[in-house]
Protein chains: 2
Amino acid sequence: MSSRDPHPLTAFAQRLGSRVPLSEPASAAVLALPHSVRVMPAGEHIVRERDRPSHCCLMLSGFSYRHKIVANGGRQILAIHMAGDMVDLQNTFFASSDHNVQTLTQCEVAFIPRTSLEELAFSFSSVGKAMWLETLIDGSIFREWIANVGRRNAKQRIAHFLCEFAVRLEAIGLGETCNYELPMTQEQIGDVVGLTSVHVNRTLMALDREGLTERTRRSVIILDWQQLARAGDFNTHYLHMPEQPSALA
Amino acid sequence: MSSRDPHPLTAFAQRLGSRVPLSEPASAAVLALPHSVRVMPAGEHIVRERDRPSHCCLMLSGFSYRHKIVANGGRQILAIHMAGDMVDLQNTFFASSDHNVQTLTQCEVAFIPRTSLEELAFSFSSVGKAMWLETLIDGSIFREWIANVGRRNAKQRIAHFLCEFAVRLEAIGLGETCNYELPMTQEQIGDVVGLTSVHVNRTLMALDREGLTERTRRSVIILDWQQLARAGDFNTHYLHMPEQPSALA
DNA sequence: GGGCGTCATTAACATTTGTTGGGCGACAAG
DNA sequence: CTTGTCGCCCAACAAATGTTAATGACGCCC
């Protein structure tokens, strides 16, 4: 492994360490996890519903999403994942997956055997606790999304999503909070917030017209963070970030 | 502790054991957890948003619910909890709670210190794994709820909720699947499925008229399980129950 | 450079869901 | 027994969102 090609699990170890301080040996054990790195094109399945995944997948770059298909063929996106996210702690301990995971863009992913991860979690309680915290944060985001689709109107939902994406991107050091690429079609945004693509379009245009955002294709510029956050009833509390960036609401 | 008053944590130990087999000492350690039992009247707060809970709370009897309040004063219920559920694994490891938990009926709850629970989880990996599984199942239910409010219409949402409640009640040995007491007002049901109480009423009446259910006050009788499950796009898969009752869809 | 497919945009119209407000019955408090 | 409150039920109307369909822009492949 050359210096131009750092160890692929470094970012993961740092992320866990930011939740719970890791001792030197614990950190080394994380880096020693067996894994294989794969590059996957956009639109490919990482996990399918009813699969019994034997590996857990860690995002190294790119974006992926979880989703479910409902009776009438509608699709609901349940989460968006980006670099550093553990994509399948959610399913690996179940007998079979209850939802799909698919790449949104081209992705580099590291596959780690479920059993190795499990052993590690119970050999180093610091690592176990950090991983547990990660799953709890996933849960917290799920809860916020329930509230978002259940009790907010179209404008609030979309504003909230734009804010969340911005904050999460910045937290991992990709893009500025107020100017980023959103790698999704309006139909996919609709599947996130429980709206049709037509209504997503109406609402995005309205946000632009009101001067809160400025979009061109996939790029989003947030012109007035305070107002957008207010419009989306957004607050970083539920993200439980290690240190709260004080600049944001 | 007399024989008429069994150890309050027995059910909890059994529940964990149904997920991951527990050795004799592991099981004993669960029962040895320090705890204090309290009876709480209906409508009381167990956890408030922004609290830093030092104790985790285990439901012994009764029903409680998690919820968030959004900008316009709307409320979204995020989960319903019943006997045997661990109410606050969700929050105890965070610096502060991101939502509220409140009793729905009178409840008996056992408060267990967070630190004891944490120590136990890392002393006995079987217990740790079982607890982890519990939180993953909570997450799975959250995901299903996102899909429910995001992509199903009123009839589907409510039918789905009625089915879920029925199956969960039966799983813990309370009430039959097709005839139970639902301890919620129609407004609270609305807060679960993201609808107004007026529309919940319309929809419940329609289910009755179509012969799928029969209700009087808080009692629900499911006349045609198959059809109700189909109407609600309901399937027990996401509940990840230890043994699937084959009688249900 | 031309052709093709995907995606954003818009409009007209349909449907679902929300809002308001009133009546009624069950239950609890006095 | 009376009264008040709460929750269920209902109807008329309002608003939000979905549906369908057409158009144009853009990027990609040959």
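Numbered from 1 within each chain, the chains take letters A, B, ... in sequence-line order.
- Across the protein-nucleic acid pair, A:I158 atom CD1 and C:dA8 atom C1' stand 14 Å apart, rounded to whole Å.
- Between A:L104 and A:M184 there is a side-chain heavy-atom pair separated by less than 4.5 Å.
- Phosphate proximity of D:dC8 to B:R218: present, with a side-chain N or O under 4.0 Å from OP1 or OP2.
- Nearer the 5' end of DNA chain D, as judged by each residue's closest nucleotide, is the contact made by B:E187, out of B:E187 and A:G194.
- A side-chain donor from one of A:D98 and B:H240 sits under 3.5 Å from a side-chain acceptor of the other.
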Quiz prompt | Derivation and outcome, ring pair (Phe, Tyr, Trp, His ring centres under 6.0 Å), residues A:H35 and A:H7 | solution = CA-CA 11 Å; A:H35 62 277; A:H7 191 297; 5.5 Å; yes
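- For the pair B:Q186 CD and C:dT19 C1', the interatomic distance rounds to 17 Å; values are reported in whole Å.
- Using cut-offs of 30° and 60° on the angle between ring planes, the pair A:W145 and A:F161 is perpendicular.
- Within the 4.5 Å cutoff, side-chain heavy atoms of B:L162 are placed close to those of B:T213.
- Shown for residues 65-75 of chain B: no residue has heavy atoms falling under 4.0 angstrom of DNA chain C.
- Across residues 202-217 of chain A, A:R202 each have a non-hydrogen atom less than 4.0 Å from an atom of DNA chain D (numbered order).
- Whole-Å rounding puts the B:H199 NE2 to C:dT19 P distance at 12 Å.
- No side-chain N or O of A:Y238 forms a donor-acceptor pair with one of B:E49 less than 3.5 Å apart.
- B:N201 has no side-chain polar atom (N or O) that falls below the 4.0 Å cut-off from OP1 or OP2 of D:dC8.
- Summarising the geometry, the separation between CG on A:N153 and P on C:dG18 is reported as 12 Å, rounded to the nearest angstrom.
- Under the 4.0 Å criterion applied to side-chain N and carboxylate O atoms, A:R209 and A:E214 are not assigned as salt-bridge partners.
- Between A:R151 atom CZ and D:dA16 atom C1' there is a gap of 14 Å when expressed in whole angstrom units.
- Nucleic acid contact for A:T185: sugar-phosphate only, since backbone atoms but no base atoms lie under 4.0 Å from a heavy atom of the residue.
- If you find the closest nucleotide of DNA chain D to A:V198 and to A:K155, the one lying nearer the 5' end belongs to A:K155.
- Of the charged side-chain nitrogens involved, none lies within less than 4.0 Å of a carboxylate oxygen, so that A:R75 and A:E187 do not count as a salt-bridged pair.
- Within the helix from C:dG1-D:dC30 to C:dG30-D:dC1, the inter-axis angle between the opening and closing five-pair segments is 50°, rounded to 10°.
- Between B:Q227 and B:L207, the closest side-chain pair of non-hydrogen atoms is not below 4.5 Å.
- Look at CD on B:Q156: it is 13 Å from C1' on C:dT16, rounded to the nearest Å.
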Exercise. Test B:R217 against B:E181 for salt bridge (Lys or Arg N to Asp or Glu O under 4.0 Å), laying out the working first.
Key: CA-CA 9 Å; B:R217 292 202 62 66; B:E181 296 293 312; over 6 Å; no
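- Look at B:D85 and B:R168 and you find a salt bridge, because one of the NZ, NE, NH1 or NH2 atoms lies within 4.0 Å of a carboxylate O, short of that distance.
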